[in-house]
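Quick notes on the structure that follows.
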Amino acid sequence: MKLRLSDTLKRQKVDFVPKNPQRVTMYVCGPTVYNYAHIGNARPVVVFDVLFRLLRHLYGEEAVIYARNITDVDDKINQKAMAEGVDIDVITSKFADIYTADMRALNALEPTIQPRVTQNMNAIVAQIAALIRNGHAYEAEGHVLFDVESYKAYGALSNRSLDDMIAGARVEVAPYKKSPQDFVLWKPSKPGEPKWPSPWGEGRPGWHIECSAMIEANLGLPIDIHGGGHDLIFPHHENEIAQGVCAQHGHSHQEESYARYWMHNGFLTMDAEKMSKSLGNVLLVHDLIKEFPGEVIRLALLSAHYRAPLDWNNDLLVQTRKRLDGLYEALRKAADVPVVETAVPEAVIEALCDDLSTPRVLAELSALASALEKASEADKPLAKSQLLVAGALVGILQQEAESWFKGGADDDLSAKVEALLEARKTARAEKNWAEADRIRNELTALNVEVMDGPAGATWKLKA
RNA sequence: GGCCUGAUGGCGGAGCGGUUACGCAGCGGAUUGCAAAUCCGUGUAGGCCGGUUCGACUCCGGCUCAGGCCUCCA
């Protein structure tokens, strides 16, 4: 099956051909760890997790190396550490741990490696030195700046010319810059801020160099896939390309010598408004997972195509939960059916290979669930297994159906419910409908929905 | 000003030049002590104006509207 991906740089859907199928590399820009991750931050995590799973499926688990960085050097981290009077790694390790836990709750696999800026200072300094050596960067007043004029293809990813950028520049231009668009590779730290040694004095790296240096040091150039949010195209990824290409001595300035495929996910809105702290509509993953199962949040993030904008609202969550209920219902009825070894259905692979069309995967999952419902006893094991392996490829449907439906219930509640159901069973056997209904009302009050079936009654927590 | 998306039924959201997306809600039926749940079935669409075509939601051109980026940002 041929994988096709939308490449931001080439501006079209192209066949994905890894440089080395034995070693497929992917890098996604990760979090700056000074705060809780919001739901918008979670979209690339979930989207590229699906891609990670697909690549592992296509090329083998051992063949795929997925790196997601942790930015632990940053102004906002410094501010927070300063305000709380602690060392920056008190802040960064706390929020890195929270981030890891929150993303795990969304069924995201851990990336193969998670490089940190603080542990890659040598690589960063080395890449800056290479840029100076190759004539693409210069030192000025304790700063090292990238010389944008020296790289002809600058602007290729975001499709803008240097003139446009000058015209649209809204930042104050530092006097020591040769050209207004030149960006910082290294800067001196202010008194009291964390600093690292370098040939240009003690200081810290600029934001963009961190990623390109960590990519070169941890994955090697070129990597196959570079991903991130739509907003990173400019300036972050544009600058990464400039750095990554120009740092390679003697290279012919081909953008693809840094990353071969560029992928960007669309943005999330909150009730049709941009999510931003100033509007106060930021929804934290940390809070959301207390209200909805991680699986619901994950599937909601996958309900639209990854490049399309996605409006996040309560209705989306409710609909997604019901959809998941439907899939789990099919599995619940087939709880006693044995699982057999089977390949992922071709239609599911096909949908994913077509630029990660998760909406189509959802349609296929519905079809598989329906097929399971209708299957003869003899066909049920295969039908059930296909639904499960298809779900696994997008990271859902991996828990027991019963625990899905009773997910929010603790042991006390479960015991109480079971006892009430037993009493109701007796009442019903005696045709004491008044008593049976009274018990059912009592269960309803506990937010429990009773479902009578041929094999007796079962229950679930209402959404 | 420059660059980039998107516009599909009540809602979410796909594919496709002529034929069912899928899901949620609705409606009908089966089932049930009554319900609920479940299962089966089912109606509703393609921003506007032109063009190409035997035929366009699907291709081409224009327009309108909405959102994003150009500044830290997934």
Side-chain angles (χ1 to χ4, degrees), chain A residues 8 11 28-32 34 37-48 71 74-76 155 157-161 163-172 181 207 227-236 238 264-269 272-277 282 299-311 313 315-327 329-330 332-333 350-351 354 357-367 369-370 373-374 405 427-428 431-434 436-437 440-441 443-444 448-454 457-460 462:
Chain A
T8 309
R11 264 166 271 281
V28 175
C29 291
T32 301
Y34 69 100
H38 60 66
I39 186 64
N41 297 316
R43 170 120 98 147
V45 172
V46 169
V47 164
F48 290 104
T71 298
D74 177 87
D75 283 342
K76 276 169 279 189
L157 182 70
S158 55
N159 191 28
R160 51 190 87 193
S161 68
D163 289 346
D164 292 343
M165 284 182 260
I166 294 166
R170 283 191 246 157
V171 245
E172 262 187 74
Q181 318 76 246
W207 176 40
H230 195 73
D231 58 326
L232 294 180
I233 294 173
F234 189 90
H236 187 52
E238 193 74 74
H264 293 96
N265 63 272
F267 256 43
L268 222 58
T269 52
E273 274 190 324
K274 181 186 161 111
M275 182 165 19
S276 75
K277 282 173 193 161
V282 174
L299 197 61
L301 287 169
L302 296 174
S303 65
H305 186 89
Y306 75 90
R307 277 181 303 126
L310 175 64
D311 189 44
N313 53 59
D315 218 38
L316 173 68
L317 267 339
V318 171
Q319 286 194 14
T320 304
R321 180 200 283 270
K322 285 182 178 170
R323 184 162 197 152
L324 232 18
D325 275 348
L327 297 175
E329 186 61 38
R332 163 187 242 172
K333 286 179 188 148
E350 223 169 275
D354 183 12
S357 183
T358 50
R360 272 166 65 194
V361 173
L362 283 195
E364 292 304 330
L365 289 173
S366 293
S370 177
E373 302 267 10
K374 292 174 190 168
F405 286 111
R428 291 184 78 211
K431 298 202 190 297
N432 184 351
W433 308 128
D437 289 351
R440 189 167 63 204
N441 288 338
L443 285 163
T444 305
V448 169
E449 191 162 285
V450 180
M451 297 173 290
D452 290 324
T458 178
W459 62 282
K460 72 176 183 185
K462 284 192 220 174

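All values derive from a computational prediction rather than experimental measurement.
Atom CG of Leu310(A) is separated from atom C1' of rG67(B) by 13 Å (rounded to the nearest Å). Distance Arg160(A) CZ to rU71(B) P: 8 Å, rounded to the nearest Å. Atom CD of Gln181(A) and atom P of rU71(B) are 10 Å apart (whole Å). Nucleotide rC40(B) holds its C1' atom 11 Å from the CD atom of Glu373(A), rounded to whole Å. Note: CZ (Phe267(A)) to P (rC4(B)) measures 18 Å, nearest angstrom. What separates OH of Tyr306(A) from P of rA14(B) is a distance of 13 Å, to the nearest Å. Atom NZ of Lys76(A) and atom P of rU71(B) are 15 Å apart (whole Å). In this structure, Asp354(A) places its CG atom 12 Å from C1' of rC16(B), rounding to the nearest Å.
Within 4.0 Å (heavy atoms only), Leu365(A) reaches no atom of the nucleic acid at all. Using a 4.0 Å heavy-atom distance criterion, His305(A) is classed as a sugar-phosphate-only contact. Within the nucleic acid shown, Gly40(A) comes within 4.0 Å of at least one base atom, counting heavy atoms only.
Listed by chain and number, the residues in a side-chain contact (heavy atoms from CB on, under 4.5 Å) with Ala304(A) are Leu310(A) (sequence neighbours excluded). Checked against side-chain contact (heavy atoms from CB on, under 4.5 Å), Ala363(A) has no partners two or more places apart in sequence or in another chain. Scored by the side-chain contact (heavy atoms from CB on, under 4.5 Å) test, Phe405(A) finds Asp325(A), Tyr328(A), Glu329(A), Arg332(A), Lys460(A) as partners (sequence neighbours excluded). Take His236(A) and apply the ring pair (Phe, Tyr, Trp, His ring centres under 6.0 Å) test, not counting sequence neighbours, and it matches Trp207(A), His208(A).
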Task: Secondary-structure string, 5' to 3', Watson-Crick or G-U under 3.5 Å, | for another-strand partners, for RNA chain B - done: (((((((..(((.....[...))).(((((.......)))))....(((((..]....))))))))))))....

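At least one side-chain nitrogen or oxygen of Asn159(A) sits closer than 4.0 Å to the OP1 or OP2 atom of rC4(B).
Contact check for Thr358(A) versus Tyr306(A): no side-chain heavy atoms found under the 4.5 Å cut-off.
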TODO: Assign a letter to each nucleotide of nucleotides 22-37 of chain B from its 5' end: B, base within under 4.0 Å of a protein heavy atom; S, sugar-phosphate only; -, no contact.
DONE: SBBS-------BBBBS

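For Phe234(A), whose side chain is taken as the heavy atoms from C-beta onward, the closest listed nucleotide among rC69(B), rG12(B), rG41(B) is rC69(B).
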